[in-house]
Colleague: 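My questions will all concern the structure given below.
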2 protein chains.
Amino acid sequence: MPDHLSRRRPSLHEARCQTCSLSSLCLPLALELEDMDHFDAIIRRRAPLKKGEPLFRQDETFTSVFAVRSGSLKQVTTEGSGNDQLTNFYLPSELVGLDGIDEEHYPGSVIALETTTVCEIPFDRLDMLAEELPDLRSQLFRSMSKEMRDDRRMMRLLSRKTADQRMASFLITLSDRFRRRGYSPFSFRLSMSRADIGNYLGLAVETVSRILSRFQNQDVVAVSGREVNILGMQRLVALAEEETPEVASS
Amino acid sequence: MPDHLSRRRPSLHEARCQTCSLSSLCLPLALELEDMDHFDAIIRRRAPLKKGEPLFRQDETFTSVFAVRSGSLKQVTTEGSGNDQLTNFYLPSELVGLDGIDEEHYPGSVIALETTTVCEIPFDRLDMLAEELPDLRSQLFRSMSKEMRDDRRMMRLLSRKTADQRMASFLITLSDRFRRRGYSPFSFRLSMSRADIGNYLGLAVETVSRILSRFQNQDVVAVSGREVNILGMQRLVALAEEETPEVASS
DNA sequence: CGGCTTCTTGATCTCGATCAATCAGCGTGG
DNA sequence: CCACGCTGATTGATCGAGATCAAGAAGCCG
């Protein structure tokens with residue numbers, strides 16, 4: 001993640017939706033000014049999380065969803081003994097915790113990858129407001145629907161794609177998310193470790209490292225530590241889409 | 001004109017939520033009788049789908065969600081050329097199409113695996129009703145949240161589990177869903193082909209077949225064609241949870 | 001510095017894909 | 001009724017992508 005994402009402490013006037021630079025991407029995106037006031041009123045500001053700090057832990061009681069304001073987080077689900085699964089990364093404007101509504105508990109821990117600030121949105125208040133504001137309700141449905149759609153894409157990636165395609169897809173997706181947030185899509189900093197990437201993509205750390213080295217040798221990207229430069233977006237897209245031979249189909 | 005002639009409703013008394021045997025599992029589960037009337041009023045009954053018939057196709061405009069009344073369906077997403085991904089199976093009382101809200105198009109085709117009946121719920125009407133009925137709204141959020149949670153479980157399965165664990169998990173999940181619908185959790189019929197199972201679990205057809213044979217030899221299940229008998233649920237659970245050595249973790 | 005963790009690179013092994021062949025079911029038409 | 005063809009399922013033999021094991025290198029912070 002670009003450093004300025006995490007460095008920027010919200011000054012006071014940023015701490016309101018009306019003046020937040022993310023408002024066009026975030027939950028209140030469809031609201032009129034007046035409605036946004038109502039929405040803004042239920043938000044709780046939070047002290048910034050330091051790297052490694054949890055926003056909440058798995059199995060804690062679900063109370064709120066969170067909008068990322070700056071920084072980034074990962075969601076990790078532990079099942080059985082010591083076998084974690086990293087199910088998502090969250091960037092600014094994205095909504096965290098929606099999968100906890102059902103069952104009333106968060107299904108995974110969400111942990112800051114760098115200094116991170118979030119807006120807390122108590123869900124009972126949000127639900128009440130969703131009753132009054134059709135646009136807010138609609139946006140909430142959309143957000144959840146989008147997350148389901150992204151999950152399906154991820155399943156496809158995990159069950160059909162080769163290691164190379166996974167890495168390429170991962171870099172493209174990140175690039176895209178940065179672009180839509182107004183940052184360079186070609187030059188950014190990874191806030192997650194190689195281990196995180198491997199865990200997320202279903203690959204061994206060694207494989208992640210090897211593939212990045214190979215991409216580098218092929219001049220598709222330039223990687224230095226966590227700094228990434230995409231040199232050939234075309235090639236990268238080609239790598240991600242390359243026809244995988246065949247699998248079961250009905 | 002007498003009412004029963006002008007109505008295009010199927011005359012089955014089951015065709016109303018109030019008397020539907022699934023109402024305790026389905027969307028209106030939390031509604032008072034009076035509210036259920038309102039909900040019932042927006043439902044459109046549909047002619048049964050025959051095996052192989054699509055409920056809707058990928059990229060069609062999103063208009064409705066559907067509740068499965070009887071039978072079963074699969075959701076298939078095609079991307080690129082001829083490379084399908086089966087992302088879900090749907091059983092009675094489950095909600096189909098929620099991932100189409102965002103983007104206004106269905107992200108995959110949904111196809112009947114056998115003769116199947118569904119209730120069509122126009123989404124704009126549902127949304128309006130969700131404004132008036134907090135319980136309905138809540139249940140809708142829950143359904144979506146649950147689907148996200150299930151998706152995450154699936155990601156975990158695809159990225160961490162061995163072929164044996166996948167098959168075992170699959171059978172257990174099915175068994176569980178049958179149990180909650182009042183059917184035998186130990187004896188049921190698979191409505192999907194081996195190819196469908198393989199596609200869903202990210203395995204080759206041959207692997208699915210081999211594992212079922214092996215499970216059979218170990219007296220964990222008895223399989224005859226699509227008929228399944230679970231002989232050792234304990235063993236099956238053990239197979240599904242067996243510690244997978246190690247993978248990347250942070 | 002030294003003691004960490006994270007990352008890279010090399011060598012080997014393994015699970016499940018792929019290739020190939022046969023078999024079983026099942027509707028269709030002669 | 002059976003022969004035919006088609007699709008789905010099973011079983012065997014081989015192969016390869018990526019995991020695992022092993023050892024260094026490079027950051028990073030006290």
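Each chain gets a letter, A, B and so on, in the order its sequence line appears, and its residues count up from 1.
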Colleague: Does any pair with a residue in residues 206-224 of chain A pass salt bridge (charged side-chain N to carboxylate O under 4.0 Å, His left out), and if so which ones, sequence neighbours excluded?
Modeller: A/Asp164-A/Arg214

Colleague: Do any pairs count as a salt bridge (charged side-chain N to carboxylate O under 4.0 Å, His left out) and have a residue in residues 220-236 of chain B, sequence neighbours left out, and if so which ones?
Modeller: B/Arg189-B/Glu227

Colleague: Over its full length, what angle do the end axes of the helix from C/dC1-D/dG30 to C/dG30-D/dC1 make, each axis taken from five pairs and the result rounded to 10 degrees?
Modeller: 30°

Colleague: Specify the separation, in whole Å, of atom CG of B/Asp196 and atom P of D/dG8.
Modeller: 9 Å

Colleague: When rounded to the nearest 0.5 angstrom, what is the spacing between NE2 in A/His105 and OG1 in A/Thr63?
Modeller: 11.5 Å

Colleague: Can you sort out the partners of A/Ser143 under side chain to side chain contact (heavy atoms under 4.5 Å, CB included), two or more places apart, ordered by chain and number?
Modeller: A/Leu27, A/Leu95, A/Leu98, A/Gln139

Colleague: Could you check how far NZ of B/Lys51 sits from P of C/dC26, rounded to whole Å?
Modeller: 10 Å

Colleague: Just the table, please: protein N/O against nucleotides 11-16 of chain C N/O, every pair under 3.5 Å.
Modeller:
residue, atom, partner, partner atom, Å
C/dG16, OP1, B/Ala163, N, 2.6

Colleague: Excluding sequence neighbours, so at least two apart, what forms ring-ring contact (aromatic ring centres under 6.0 Å, His included) with B/Phe62?
Modeller: B/Tyr106, B/Phe123

Colleague: If the condition is ring-ring contact (aromatic ring centres under 6.0 Å, His included), which residues does A/Phe66 pass it with, not counting sequence neighbours?
Modeller: A/Phe56

Colleague: Not counting sequence neighbours, which residues clear side chain to side chain contact (heavy atoms under 4.5 Å, CB included) with A/Arg153? List them please.
Modeller: A/Arg149, A/Asp150

Colleague: Measure from the side-chain heavy atoms of A/Ser213 and tell me the nearest of C/dC7, C/dT8, D/dT11.
Modeller: C/dT8

Colleague: Listed by chain and number, what are the side chain to side chain donor-acceptor pair (under 3.5 Å) partners of B/Glu114, not counting sequence neighbours?
Modeller: B/Ser72

Colleague: Figure out the CD1/C1' separation between B/Ile197 and D/dT10, and round it to whole Å.
Modeller: 14 Å

Colleague: Please list, chain by chain and in numerical order, all residues satisfying side chain to side chain contact (heavy atoms under 4.5 Å, CB included) with B/Ser184, sequence neighbours excluded.
Modeller: B/Phe186, B/Ser187

Colleague: Might you list the N or O atoms of the protein lying below 3.5 Å from N or O atoms in nucleotides 22-29 of chain D, with each pair's distance?
Modeller:
none

Colleague: What pairs with B/Ser145 under side chain to side chain contact (heavy atoms under 4.5 Å, CB included), at least two apart in sequence or on another chain?
Modeller: A/Ile101, A/Asp102, A/Met144

